[in-house]
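Below is one structure; the comments refer to it alone.
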Amino acid sequence: MKYFLFITVVLLACTSLCNAQCYTEQLNFDPKNPVAGCTDKRGVVHPIGSQWKDKDCFQCSCSDSTIECCGTIPQDVGLPEHCEMVVNKEDCTYEVINKKDPSDKCMPTGEIL
């Protein structure tokens, strides 16, 4: 029974981590040429210690060794067939609406991650 409980907890932890929508990139370290900042996917350099939100609504931070980014828009899981998630990438917001009547809000049947 203890073994089963352990496996269950490990699997739940893995599921949570896999759906976290986060990623980390290691910076190339060269002692002769110290890192001045983090270069994002678009080629913009951000100072060490800074935070920013990219055009895909990922909240990112720069340290002296990594860039860490996490999504701010959830991935839908278990939406009813008649519903959809509409994302506004201008301000990184979303709403779940009825496809036929956008003024009607929907409730997901599952989890939004």
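- Rounding to the nearest 0.5 Å places CD1 of I73 at 6.5 Å from OG1 of T93.
- Taking a 6.0 Å sphere around NZ of K99, one finds it holds more than 12 heavy atoms contributed by other residues, nucleotides or ligands.
- The distance from atom CD1 of I97 to atom SG of C83, rounded to the nearest 0.5 Å, is 9.0 Å.
- By the rule that hydrophobic residues join a cluster once side-chain heavy atoms approach within less than 4.5 Å of another member, Y23 and V44 end up as members of separate clusters.
- Here the closest heavy-atom approach between residue Q21 and residue P74 is recorded as NE2-CA, 3.5 Å.
- Two residues are said to be in side-chain contact when any heavy atoms from C-beta on lie closer than 4.5 Å; Q51 and Q59 meet this criterion.
- Side-chain atoms of H46 and D40, non-hydrogen and from C-beta on, do get closer than 4.5 Å to each other.
- In this structure, T72 and K53 have side chains that are in contact, with non-hydrogen atoms separated by less than 4.5 Å.
- Using a 4.5 Å heavy-atom threshold, the side chains of E95 and M85 count as separate.
- From D56, atom CG reaches atom SG of C92 across 8.5 Å, with rounding to the nearest 0.5 Å.
- At least one side-chain heavy atom of V96 sits less than 4.5 Å from a side-chain heavy atom of L79.
- Cation-pi contact between K41 and F58: present, with separation from the ring centre below 6.0 Å and deviation from the ring axis of at most 45°.
- Two residues are said to be in side-chain contact when any heavy atoms from C-beta on lie closer than 4.5 Å; S65 and L27 fail this criterion.
- The two residues V45 and T39 come nearest to each other via the heavy atoms CG2-OG1, 3.6 Å.
- Side-chain N/O atoms of D91 and N88 include a donor and acceptor closer than 3.5 Å.
- Residues C106 and H82 form a side-chain contact, since some pair of their non-hydrogen atoms from C-beta on lies under 4.5 Å apart.
- A disulfide bridge does not connect C22 to C69: their SG atoms sit 2.5 Å or farther from one another.
- In this structure, C38 and C62 have their SG atoms less than 2.5 Å from one another.
- For S50 (side chain) and P47 (main-chain N/O), a donor-acceptor pair under 3.5 Å exists by modelled atom type.
- Atom OG of S63 and atom CD of E68 lie 6.0 Å apart (nearest 0.5 Å).
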